[in-house]
Peer 1: 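One structure, as structure tokens, below. Some questions next.
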Amino acid sequence: MLSSISVLTVPDYIVVVAYLILTIWIGLKVGSKVKTGEDFFLGGRRLPWWAIGASLVATDIGGTDIIGAGGLAYRHGLAVANFEWIGCVPAMIVGAFVFIPFFYRTGVYTVPEFLERRYSGGVRSVIGVCWLIFMACNLGVMLLASGKMMSTVFGWDPLICILITAALVGFYTCTGGLEAVVYTDVLQCVIMIAGCLLILVLGLVRVGGVDNLMTKLREAEIRESANTSSTSGATSDSTATATDAEASTDPNDPQSVTDRAVATDEEIRRTQLILPLDTKTPFPWAGIYFGLALILSPAYWIGNQAIVQRSLGARSEFEAKASYVWGALLKNVIPLIVAIPGLIAVALLPDLKDGDMAVPALVGHVLPAGARGLFVAAFLAALMSSVDSYLNSAATLVSHDFYRRFINPSVSDQAILRVGRITTVVLVIWAIGFAMALAQLQDGSGVYTVFQTLMSFFQGPAFAILLTGIFWRRATATAALIALCSGIATAVGLFLCNQPYFLAAVGWEPLFRIADPFLYYSIWSFLVTIVLMFLISPLTAPISKTQADLFYGAKAGVK
């Protein structure tokens with residue numbers, strides 16, 4: 001089926017090249033204003049709310065989402081939309097009015113720096129290392145998504161696609177810093193929404209509208225059920241007699257399958273948002289509500305350096321809050337334009353072996369010559385907006401949480417700017433190498449699952465100490481460090497105890513029966529961290545009154 005994808009035409013290339021030229025021009029124009037470290041890392045604290053809000057959305061919706069979320073919808077259904085509607089939007093609203101003002105008033109550059117002010121340098125170091133490892137690995141994941149999409153659409157070698165993307169993004173990020181990232185993200189957000197909306201509309205037209213899409217989805221599930229039954233062995237005589245009329249229908253006969261799909265009123269599994277506990281997908285309702293809505297998503301929007309850093313560069317506290325609210329409004333449309341194309345691919349391309357190929361295959365199947373260029377530009381926009389954000393944020397972590405702390409505490413503003421740019425180049429080189437390694441090792445989980453699993457290792461524990469540190473004055477630095485490390489060890493341990501090679505070695509049964517249970521890793525690691533915080537804190541020395549007054553004074557507006 002992938003071989004049916006047409007080569008891009010001249011109009012397609014014109015659209016793609018025009019987008020790339022405009023992006024580089026914006027990056028260079030903004031880059032000419034960068035003179036100091038604050039300009040590079042926080043955009044000189046002169047960023048407007050509307051640009052930050054669009055940048056938040058563009059950063060979050062990367063190549064992993066366009067390919068990965070569409071792939072998960074192809075395999076498991078619309079439940080993946082909960083990552084936006086139940087996950088992102090409520091967390092962004094809470095973050096806007098509760099946490100972002102707190103961060104902004106302290107005047108910090110990074111989330112680990114913020115945690116040091118509440119706890120200790122040890123907590124800052126652990127969180128900084130976790131975020132740096134995650135960002136570095138995630139850069140490779142996003143470049144791999146680039147290779148998959150671009151090699152499918154352009155017909156180029158995946159390595160060439162990875163190198164081109166890394167070179168372009170690395171260039172304007174290294175030149176213009178956070179301000180270049182934010183303003184190029186505004187363009188990329190517009191292009192991304194337009195391109196994804198195009199494939200959604202044309203895909204629905206090709207499939208014959210929403211009603212026909214529902215019928216096709218039901219057909220696909222009837223075929224899957226019939227195929228599963230045929231491979232599970234013979235049933236009992238009584239069961240065979242009861243289902244004789246249905247069994248006599250050939251599951252491979254399109255007309256027969258269509259008749260059965262129209263006749264049944266059963267709910268289509270792939271259109272369900274809330275799935276039962278025993279579902280085989282990664283999205284049971286308990287994981288969605290407790291792992292995603294209450295832990296993983298708030299941790300991402302409130303404690304993610306790549307996200308929070310944008311609001312720290314706002315012109316005022318009001319604009320920092322407004323940026324999150326604006327971003328939450330934009331977020332409501334994302335599931336419609338990212339996940340539903342995966343369902344359309346089920347209807348039009350039901351036999352794909354790899355779900356991550358659903359959206360790339362759909363591009364060649366439904367978009368006419370010329371329109372493919374807009375979608376490819378949208379994918380590049382989504383990819384570049386995430387890569388540039390993580391590049392800049394990782395460089396900020398290295399420069400402020402490691403270089404300035406441990407190597408040269410008295411570094412000048414111009415010198416820290418050079419450190420940030422050098423770090424950006426090094427991270428680009430690392431990401432290329434990691435993407436190439438991941439391409440060799442990756443199994444069938446999909447790039448989106450890899451991204452979420454990496455986050456689940458430390459996001460729950462980090463969020464737990466952040467919450468207790470802000471809302472409980474008695475939480476101590478010793479308790480935070482012990483609880484944080486224990487929570488991370490819990491998440492990693494649960495992951496290892498669910499891997500086939502480990503289970504085979506020790507002769508155990510899997511701890512979780514669902515596919516890719518990263519949401520449960522977050523739940524248990526969060527709970528372990530919270531419990532340890534409340535058990536250990538009363539047994540250890542509290543932070544000093546001076547430190548408490550400085551920290552909680554910032555919350556009250558004292559800088």
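Heads up: numbering here begins at 1 and tracks the sequence.
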Peer 1: Determine which pairs satisfy salt bridge (Lys or Arg N to Asp or Glu O under 4.0 Å) with at least one residue from residues 417-431, sequence neighbours left out, and list them in order.
Peer 2: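 Checked against salt bridge (Lys or Arg N to Asp or Glu O under 4.0 Å) - neighbours excluded - no pair reaches residues 417-431.
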Peer 1: Quick one: closest heavy-atom pair of S389 and A306, and the distance?
Peer 2: O-CB, 4.4 Å
Peer 1: Would you call Q459 and S522 a side-chain contact if the rule is heavy atoms closer than 4.5 Å?
Peer 2: no
Peer 1: Y109: which residues meet the ring pair (Phe, Tyr, Trp, His ring centres under 6.0 Å) condition with it, sequence neighbours left out?
Peer 2: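 Partners of Y109 under the ring pair (Phe, Tyr, Trp, His ring centres under 6.0 Å) test: H400.
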Peer 1: Only pairs at least two apart or in different chains count here, so list each side-chain hydrogen bond (donor to acceptor under 3.5 Å, both in side chains) that has a residue in residues 91-101.
Peer 2: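 Residue pairs with at least one partner in residues 91-101: there are none.
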Peer 1: Does any part of the side chain of Y183, heavy atoms only, come nearer than 4.5 Å to the side chain of L47, both counted from C-beta?
Peer 2: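 With C-beta onward as the side chain, the pair touches.
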Peer 1: Evaluate the criterion side-chain contact (heavy atoms from CB on, under 4.5 Å) for residue pair L28 and F171; output intermediate values, then yes/no.
Peer 2: CA-CA 9 Å; L28 289 174; F171 175 72; 3.5 Å; yes
Peer 1: Mind checking salt bridge (Lys or Arg N to Asp or Glu O under 4.0 Å) for R474 and listing every partner two or more places apart, or none if nothing turns up?
Peer 2: none
Peer 1: What residues, two or more places apart in sequence or in another chain, satisfy side-chain contact (heavy atoms from CB on, under 4.5 Å) together with A91?
Peer 2: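 With neighbours one apart ignored, the set is S297, P298, W301.
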Peer 1: To the nearest 0.5 Å, tell me how far L367 CG sits from D12 CG.
Peer 2: 9.0 Å
Peer 1: Quick one: are V126 and C485 in side-chain contact, heavy atoms under 4.5 Å?
Peer 2: yes
Peer 1: Between S525 and S456, which heavy-atom pair has the shortest distance, and what is it?
Peer 2: OG-O, 4.2 Å
Peer 1: Restricting to side-chain hydrogen bond (donor to acceptor under 3.5 Å, both in side chains), what partner residues turn up for Y324, sequence neighbours left out?
Peer 2: none
Peer 1: Do you know which of F526, W131, F495 makes ring-ring contact (aromatic ring centres under 6.0 Å, His included) with F457?
Peer 2: F495
Peer 1: Between L467 and F99, does the side-chain contact (heavy atoms from CB on, under 4.5 Å) criterion hold? Intermediate values first, please.
Peer 2: CA-CA 10 Å; L467 282 180; F99 294 93; 3.6 Å; yes
Peer 1: Which residue pairs pass the salt bridge (Lys or Arg N to Asp or Glu O under 4.0 Å) test when at least one of the two sits in residues 185-198, sequence neighbours left out?
Peer 2: none
Peer 1: Does anything in residues 112-134 form a salt bridge (Lys or Arg N to Asp or Glu O under 4.0 Å)? List the pairs, not counting sequence neighbours.
Peer 2: E113-R117, E116-R124, R124-D401
Peer 1: Can you measure from CG (D388) to OG (S55) and round to the nearest 0.5 angstrom?
Peer 2: 7.5 Å
Peer 1: At their closest point, which heavy atom of A96 faces which heavy atom of V325, and how far apart are they?
Peer 2: CB-CG2, 4.0 Å
Peer 1: Is the shortest side-chain heavy-atom distance between N392 and F40 below 4.5 Å?
Peer 2: yes
Peer 1: So, using side-chain hydrogen bond (donor to acceptor under 3.5 Å, both in side chains) as the criterion, who are the partners of Q305 when residues are at least two apart?
Peer 2: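 Here the qualifying residues are Q309.
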Peer 1: Check step by step if side-chain contact (heavy atoms from CB on, under 4.5 Å) holds for L312 and F41.
Peer 2: CA-CA 10 Å; L312 298 179; F41 298 116; over 6 Å; no
Peer 1: Less than 6.0 angstrom separating the ring centers of Y300 and F463, yes or no?
Peer 2: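 No; F463 has its ring centre 6.0 Å or more from that of Y300.
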Peer 1: Check residues 329-341 and write down every donor-acceptor pair under 3.5 Å in which the side-chain atom is one partner and the other belongs to a residue at least two apart or another chain.
Peer 2:
from	atom 1	to	atom 2	distance (Å)
K331	NZ	D60	OD2	2.1
K331	NZ	E84	OE1	2.7
N332	ND2	A328	O	3.1

Peer 1: Between T529 and G487, what is the shortest heavy-atom contact and its length?
Peer 2: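 Closest approach of T529 to G487, heavy atoms only: OG1-CA, 3.4 Å.
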Peer 1: Just so I know, are the side chains of I133 and C137 near enough to count as touching, which here means a heavy-atom distance under 4.5 Å?
Peer 2: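 Yes; the side chains approach each other to less than 4.5 Å.
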Peer 1: Check R310 against L178 and note the closest heavy-atom contact, atom names and distance.
Peer 2: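 The pair with the smallest heavy-atom distance is NH1-CD1, 3.8 Å.
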Peer 1: Hey, what's the ring geometry for F402 with F406, parallel, tilted or perpendicular (30° and 60° as the breaks)?
Peer 2: tilted
Peer 1: Do the side chains of L139 and F134 get nearer than 4.5 Å, heavy atoms only?
Peer 2: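 Result no, sub-4.5 Å side-chain heavy-atom pair not found.
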Peer 1: Provide the closest heavy-atom pair for L143 versus A435 in the form atom of the first, atom of the second, distance.
Peer 2: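 Looking at all heavy atoms of both residues, the closest pair is CB-CB, 3.9 Å.
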Peer 1: State, yes or no, whether a side-chain contact exists between M533 and I465 at a heavy-atom distance under 4.5 Å.
Peer 2: yes
Peer 1: Please examine the side chains of L484 and I127, heavy atoms only from C-beta on, and report whether any two atoms are closer than 4.5 Å.
Peer 2: yes
Peer 1: Between R404 and S410, is a side-chain hydrogen bond (donor to acceptor under 3.5 Å, both in side chains) present by the stated rule, with each step listed?
Peer 2: CA-CA 7 Å; R404 175 167 272 169; S410 60; over 6 Å; no
Peer 1: Would you please name every residue forming a side-chain contact (heavy atoms from CB on, under 4.5 Å) with L294, sequence neighbours left out?
Peer 2: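 For L294, the residues satisfying side-chain contact (heavy atoms from CB on, under 4.5 Å) (neighbours in sequence not counted) are F290.
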Peer 1: Starting from the C-alpha separation in whole Å, work towards a yes-or-no answer on side-chain contact (heavy atoms from CB on, under 4.5 Å) for S316 and W49.
Peer 2: CA-CA 9 Å; S316 65; W49 63 269; over 6 Å; no
Peer 1: Return each pair, listed once, that meets salt bridge (Lys or Arg N to Asp or Glu O under 4.0 Å) where at least one residue sits in residues 174-183; pairs must be two or more places apart or across chains.
Peer 2: R46-E179
